[in-house]
Amino acid sequence: MTLRIIDRIGMGFFLGLPILWIVLFMLVPYGVLLTYSFWIKSYPLFEPAFQFGNYLTLLNEPQYLSVIGRTLKIAVIVSVTALVLAYPFAYFLVFRLKNATIRKVLFFGVIAPLWVSYLLRAYLWKTILGTQGVLNSTLMGLGIIGEPLDVFLYSQAAMVITLTYIFIPFMVMPIYAALEKIPRNLDEASADLGQSSWTTFWRVTVPLSLPGVVAGFTLTFCLCFGDFVAAFLVGGPDGLMVANVITSQFGAALDWPLGSALAVVMLVVVLAIISLSDRFEQRAKVQF
Amino acid sequence: MADIALTRSKPRKPPLSIPKGAADGAFITYASLLLAFLYMPVAILIIFSFNDSRVLAWPLSGFTLDWYRTLFANADLLEAVGNSFYVATLSTALALCIGIPAAMALHRFAFPGKALFRRLLLLPIALPGIVTGISMLNFFNLMGFNLNLHTVVLGHATALLAVVVIQVFARLQRLPRSLEEASSDLGANALATFWYVTLPNIKTAIVGSGLLVFVLSFDEIPVTFFLTGRDNTLPMYIYSTMRRGVTPEINAVGTLLILFSVVLILLAAFLTRAPGRKR
């Protein structure tokens, strides 16, 4: 009996602080965010109100919808690109590479950039793609182009390259983990049943690795969707993202309520993606 | 089942026509290309930090350490480095103090609302930093708090808590249950078991996740952007310098940052590996 009471105290000890933290620094701030999104901008900052004006502005002014659309588009392209690049790599590591040490080293080689400054990794591409940058001078040195091109930097393509570069570790990690969990005897079984390795790949390996793919896609998509650093460095006006617009509402434009409404939209989109992928994961769970 | 039977009755397909050696060759080439894509830009950054021209373009014009000398004479930059160390240290401590008990609770106890609890804990890892930053900014604004390095610390701890929870929880799941049961059978209560049995066994996960939180906090932009007052952290300082374009000084700071990351990676690899070997 006493043991149980002590265990209960223990549970309170372990749970108390985290719950307090979640309520104080997540739930309450999200609530405040939602509240502010109904307020009205007024000099010098804003005043309390309950109206949907900010949301209507987002719907009615085409610039906001087009920014949201562009952000979705870039996030999808980046996630697909990262997936296409990451999957063969992870597959090679898990299924083709026999040497466990080399496998670990290569896996680590892809994950290690996460430890290197994210800002720096975006900046790298600014130095490479710029008019006076490394790519232009390389191409000129090789005689491929006569004078520097300014098409590389400040474009959506630059955004896609940079964001893919930054977020690809987030795609490799879950796919690698999912592939590693697939029992090898399934491969053998499929081969014994006369399937070619190609069929085995598409009908055994790919379906079983889908949870990892979905997890990687979700992470990459959400992180891209909320990014403003890459757009600031390599995006230009054509690569402006939702997060950049939010930033300017809290900066120069000084319209906190509108910025909050946009942030709520972002939060809703991200939560929707996360819960979709959760639902998928629940359904795809396979017991071995 | 019917599916399998059908494919079986068909004539046996020829095995994949590409010979295995060629396929492996293609995979190796591909893996090398991907790693080159990841590391070439970093190499370029480092090379140009030693080049004595303000323009970052080939051909290299000569070797210099001037850009590094300018850095160490830059008082604003040095102050920003100090601020970043301060913020990262406090954030790491906080994230560990909250993350470890949270991971324990997830691992050990069943309680109502556990699924929601887990989801909320892990949310900030997928949630864009800007949402965390803005909601906390609004909250602090409503409360009338002044923004300073401590509000940044609270933001970082919230955003990075999930890193600790994920890594510590994963380690706890791999611990043999029997250890804790034995401790319990010997009459230790939950707290004693945690302190004397569980904690020593998850030490490496704690160190590893702590170092990662430190690095991520040291490097954080989106949350810091909204929650800092007049004081700049290092990434914020660099970010504002980048407005003025590409400069070799940024390359020099970048190179030092990369060096710092490499040291921490090695430290993490070393610290998290040692106990495994003993076993």
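Reckoned from all heavy atoms, side chains included, excluding hydrogens, waters and symmetry mates.
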Do the rings of A:W256 and A:Y36 sit parallel, tilted or perpendicular, given the 30° and 60° boundaries? tilted
Using a 4.5 angstrom heavy-atom cutoff, name the option from A:T247, A:T218, A:L34 with the most pairs to chain B. A:T247
Who wins among A:V110, A:I273, A:L223, A:T220 for the most heavy-atom pairs under 4.5 Å with chain B? A:V110
Quick check on the structure: residues of residues 116-125 of chain B within a heavy-atom distance below 4.5 Å of chain A, by number. B:F117, B:R119, B:L120, B:L121, B:L123, B:P124, B:I125
Parallel, tilted or perpendicular for A:W21 and A:F25, by the 30°/60° rule? tilted
What is the ring orientation for B:F27 with A:F92, classed by angle as parallel under 30°, tilted 30 to 60°, or perpendicular over 60°? parallel
Please flag which part of B:L34 lies under 4.5 Å from any non-hydrogen atom of chain A: side chain, backbone, both or neither. side chain
Indicate the atoms forming the closest heavy-atom contact of A:F228 with B:I130, along with that distance. CD2-CD1, 4.0 Å
The interface call for B:V42 against chain A, heavy-atom contacts under 4.5 Å, is both
Identify which part of A:V116 has an atom lying under 4.5 Å from any heavy atom of chain B, answering side chain, backbone, both or neither. both
So, the part of B:M136 with a heavy atom under 4.5 Å from chain A: the answer is both
Please flag which part of B:L106 lies under 4.5 Å from any non-hydrogen atom of chain A: side chain, backbone, both or neither. neither
What part of B:F218 gets closer than 4.5 Å to chain A, counting heavy atoms only: side chain, backbone, both or neither? neither
Strictly distance-based, threshold 3.5 Å: is any side-chain N or O of B:S261 a donor or acceptor partner for the main-chain N or O of A:W115? yes
Heavy-atom proximity to chain A below 4.5 Å, by part of B:L33: neither
Between A:L20 and chain B, with a heavy-atom cut-off of 4.5 Å, which part of the residue counts as in contact: side chain, backbone, both or neither? neither
Which label fits B:F139 and B:F145: parallel for a plane angle under 30°, tilted from 30 to 60°, or perpendicular past 60°? perpendicular
Engaged part of B:F226 at the chain A interface, taking heavy atoms whose separation is under 4.5 Å: side chain
Structural part of B:L142 lying under 4.5 Å from a heavy atom of chain A: both
Quick one: which of B:L137, B:L257, B:L216 has the most heavy-atom pairs under 4.5 Å with chain A, could you say? B:L137
Heavy-atom cut-off 4.5 Å, strictly under: side chain, backbone, both or neither for A:L85 against chain B? both
Indicate the ring-plane relationship of A:F167 and A:F170, choosing parallel, tilted or perpendicular according to the 30° and 60° boundaries. tilted
One should read off an interatomic distance between B:I238 CD1 and B:I221 CD1, to the nearest 0.5 angstrom, of 8.0 Å
With chain A, which of B:V131, B:I134, B:T132 has the greatest number of heavy-atom pairs at distances under 4.5 Å? B:I134
